[in-house]
Amino acid sequence: MDTELEFTILSKTTGKLLFDQVVQTTGLREIWYFGLQYTDSLGMESWLNLDKKVQDQKVKKEATLQFKFRVRFYPENVVDEIIQGSTLRLLYLQVKADILNETIYCVAEKAVLLASFATQAKYGNFEADVHEAGYLANDKILPEQVMSGHKLSREEWENKISLFHAKHKGMPREDAMLEYLKVAQDLETFGISYYDITNKKGSELILGVDCLGINVYNEGDRLSPKISFPWSEINRISFKNNNFIVKLNDKKSPKFIGICRKPKMSKKIYELASGNHEMYMRRRRPDTLEVQQMKAQKRDEETSRAKEKAELSKEIAARAKAEQMREEMETKYKEMEERMKKRESELEEANQNIKRLEEQLQELRDAKDNLESQQDELKEMMQKLEEAKNLEAEERHRMEEEIKLKQEEIEEVRNLVDEKEKQTRDLQEEVEISRQKLEETTASFTAVIETQNGDASSVSSDEHDNGSVSSEDKENSIDIPEIIVDPVEEREVGMDAEMTADLEELGKELEEKKNEENETDETKSTGKT
């Protein structure tokens with residue numbers, strides 16, 4: 001679209017020869033949509049007549065003659081008619097430029113949606129870490145009348161576009177351009193060429209010509225036609241002097257005569273209208289062999305792309321599953337590490353309990369030895385007491401006191417032994433509990449390892465299964481026959497319910513802001529008065 005090509009024009013060079021050189025250079029095959037536009041000696045935009053010599057046409061005389069390669073005849077339905085990607089791209093670039101320079105009128109919310117598709121086509125998927133605030137700073141994103149009609153900063157507009165851009169994740173560049181055109185083709189002024197005329201009464205009107213027919217508008221209103229003449233109702237079009245004439249199939253209906261304000265304009269309107277009518281009839285005839293071949297090639301390419309997309313989707317799904325499994329395994333490994341730390345802590349606790357048990361057992365043995373020693377001393381003292389029956393009373397009393405003390409001491413030692421035995425039993429129970437915990441932790445650890453090994457095998461098996469396509473799927477894959485429809489009435493913009501709701505919400509929000517701005521302006525005006 002921005003490329004400049006230079007060709008040598010000889011005195012015998014016809015418009016068709018120059019046009020053929022351009023399309024051969026660009027590689028276009030759907031040439032019937034395009035034409036070469038130039039500015040004539042009167043300053044009016046005109047289309048190069050392919051049947052005449054270039055030098056015989058009133059091209060503005062310059063050192064180098066300037067022509068624009070542009071879409072001249074627009075499709076009724078982009079999805080059904082555009083075959084080649086190069087054609088789609090050129091149409092997309094021209095329509096986008098016409099919307100941004102306001103040749104095609106577009107409301108604010110749809111302008112935001114279109115800008116998001118254009119952003120997807122240019123930048124690809126929205127990535128928050130890559131497409132930071134201001135990534136659209138160098139782009140013309142919206143028509144000036146949209147930006148100036150609402151008191152939003154550029155950053156706020158960019159933010160709204162980014163929200164829709166993020167919803168287009170995974171949309172290929174060509175699909176983004178197609179979605180752009182699907183929305184754009186339903187705009188009121190899409191593909192319409194306007195001309196200033198008057199009627200027999202001298203009323204100033206606007207004549208609009210497009211792929212569907214001829215419309216007549218009141219001056220200053222290019223959105224709502226006053227009269228519409230679909231191609232199916234038109235019997236004949238002609239021109240005479242400055243008059244452009246439309247004769248209808250209904251013989252009772254009067255013919256329409258539009259009087260052009262500029263010389264030679266009636267002929268230009270006639271040529272454009274004739275071309276659009278020819279395109280209208282062409283769409284309703286069987287495809288030529290060339291078009292059939294291009295459509296067959298397009299179907300093959302779409303089938304190939306669909307297969308690649310399916311394989312890519314499987315690969316993405318497999319990678320996502322592998323990533324999920326990796327995260328799950330990392331989580332399980334962390335849990336296992338925690339279990340290992342807990343096991344080590346329990347093992348340390350068990351070792352400490354065992355050490356304490358050994359100390360208690362040693363203390364118990366020492367206490368029992370002490371008890372036996374005390375019992376031996378008591379026995380010895382009892383023997384001495386028996387032998388000392390004949391001793392004096394005082395000496396006997398002293399020995400009885402010693403025996404009593406010894407008995408008390410032995411009782412204390414026996415109580416200490418009983419207490420040590422109880423502590424030992426309790427400690428043995430703690431050691432047994434620690435041993436059971438160690439066994440449970442070891443069994444759980446083993447089960448985790450076995451589960452992870454099983455999951456890894458499952459992922460490997462799934463990836464192998466995803467890489468194959470069954471013969472039954474191949475047999476059920478059939479070519480879908482082409483359905484011929486009258487495109488305009490049945491076409492739909494391919495937006496899901498969520499995006500449609502978001503677009504409606506955006507429209508309401510912008511309308512509310514606009515109303516608030518109007519109320520503010522009225523208040524200021526009243527205050528001044």
Side-chain angles (χ1 to χ4, degrees), residues 1-10 12-38 47-54 57 59 64-99 117-118 120-124 171-182 184-185 190-191 211 272 275-276 278-279 282-283 285-309 482:
M1 197 70 175
D2 299 324
T3 304
E4 289 190 359
L5 302 174
E6 288 192 11
F7 301 96
T8 301
I9 298 176
L10 303 176
K12 295 182 178 180
T13 302
T14 62
K16 186 176 187 310
L17 181 59
L18 179 60
F19 182 78
D20 288 344
Q21 286 179 308
V22 174
V23 296
Q24 286 171 10
T25 304
T26 58
L28 277 174
R29 295 179 66 187
E30 295 175 275
I31 61 175
W32 43 86
Y33 294 112
F34 298 90
L36 291 173
Q37 193 177 58
Y38 66 90
W47 294 96
L48 189 67
N49 190 320
L50 301 186
D51 297 326
K52 292 183 178 181
K53 294 178 182 179
V54 175
Q57 303 185 50
V59 183
T64 302
L65 300 182
Q66 302 290 329
F67 297 93
K68 296 178 183 177
F69 185 74
R70 289 176 59 84
V71 174
R72 186 179 184 185
F73 304 112
Y74 288 78
E76 291 180 23
N77 191 323
V78 175
V79 176
D80 294 337
E81 296 178 46
I82 299 301
I83 302 172
Q84 288 190 302
S86 54
T87 308
L88 179 73
R89 180 175 178 273
L90 288 175
L91 177 59
Y92 159 76
L93 291 173
Q94 182 169 320
V95 171
K96 185 178 76 165
D98 287 346
I99 288 174
F117 284 126
Q120 178 71 16
K122 181 175 181 179
Y123 294 100
M171 183 181 291
R173 183 169 182 265
E174 190 169 304
D175 289 356
M177 291 190 290
L178 181 61
E179 291 299 323
Y180 186 102
L181 291 172
K182 284 165 66 177
Q185 72 183 357
F190 175 83
C211 60
L272 182 66
N276 271 293
E278 172 58 30
M279 289 291 292
R282 177 192 179 115
R283 294 183 188 103
R285 290 195 293 261
D287 291 333
T288 63
L289 180 61
E290 180 185 11
V291 172
Q292 290 178 26
Q293 290 173 344
M294 284 194 290
K295 286 186 175 180
Q297 183 179 355
K298 181 184 179 182
R299 285 194 295 270
D300 292 342
E301 291 173 354
E302 288 176 345
T303 302
S304 178
R305 281 199 299 269
K307 185 177 180 182
E308 291 174 0
K309 187 175 181 180
E482 183 180 0

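No experiment lies behind these values; they were computed from the predicted model shown.
- Contact check for Trp47 versus Arg70: side-chain heavy atoms found under the 4.5 Å cut-off.
- Using cut-offs of 30° and 60° on the angle between ring planes, the pair Phe34 and Phe69 is parallel.
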query = Which is it for Arg282 and Val291 under the side chain to side chain contact (heavy atoms under 4.5 Å, CB included) test, yes or no, and what are the steps along the way?
reply = CA-CA 11 Å; Arg282 177 192 179 115; Val291 172; 4.0 Å; yes
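- With a 4.5 Å cut-off on side-chain heavy atoms, Arg173 and Arg89 count as touching.
- For the atom pair CD of Glu290 and CD of Glu30, the computed distance is 9.0 Å after rounding to the nearest 0.5 Å.
- The line from CZ of Arg283 to CD of Glu81 is 4.0 Å long, rounded to the nearest 0.5 Å.
- Side-chain contact between Arg72 and Leu272 is present, with heavy atoms from C-beta onward closer than 4.5 Å.
- Among residue pairs with one or both ends in residues 16-29, those qualifying as side chain to side chain donor-acceptor pair (under 3.5 Å) are Lys16-Asp20; sequence neighbours excluded.
- Only one option out of Asn77, Leu181, Thr87 pairs with Ile82 in a side chain to side chain contact (heavy atoms under 4.5 Å, CB included); it is Thr87.
- In this structure the side chain of Phe73 never reaches within 4.5 angstrom of the side chain of Trp32, judged on heavy atoms.
- The structure places CD of Gln66 at 12.0 Å from CG of Leu36, a figure rounded to the nearest 0.5 Å.
- A distance of 8.0 Å separates CG of Leu10 from CG of Leu17, quoted to the nearest 0.5 Å.
- Within 6.0 Å of the NZ atom in Lys309, the count of heavy atoms belonging to other residues, nucleotides or ligands does not exceed 12.
- Separation of atoms CE (Met294) and CG (Leu289) is listed at 10.0 Å; rounding is to 0.5 Å.
- At least one donor-acceptor pair closer than 3.5 Å links the side chain of Gln292 to the backbone N or O of Asp287.
- In plain terms, the two heavy atoms of Pro75 and Cys211 that are nearest each other are O-SG, 3.9 Å.
- Residues Gln120 and Glu179 form no side-chain contact, since every pair of their non-hydrogen atoms from C-beta on lies 4.5 Å or further apart.
- The backbone N or O of Asp300 lies less than 3.5 Å from no partner atom in the side chain of Ser304, so there is not a single donor-acceptor pair.
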inquiry  = Walk me through whether Arg285 and Glu278 qualify under salt bridge (charged side-chain N to carboxylate O under 4.0 Å, His left out).
reply    = CA-CA 11 Å; Arg285 290 195 293 261; Glu278 172 58 30; 2.9 Å; yes
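- Panel note: side chain Gln94, backbone Val71; a donor-acceptor pair is recorded below 3.5 Å.
- Every residue was checked against the salt bridge (Lys or Arg N to Asp or Glu O under 4.0 Å) condition with Lys52, not counting sequence neighbours, and none meets it.
- Taking 4.5 Å as the limit, some side-chain heavy atom of Leu91 sits within range of a side-chain heavy atom of Tyr74.
- Rounded to the nearest 0.5 angstrom, Tyr38 OH and Leu65 CG are separated by 10.5 Å.
- Looking only at side-chain heavy atoms (C-beta outward), Leu18 and Phe67 come within less than 4.5 Å of each other.
- Within the 4.5 Å cutoff, the side chain of Phe117 has heavy atoms near those of the Met171 side chain.
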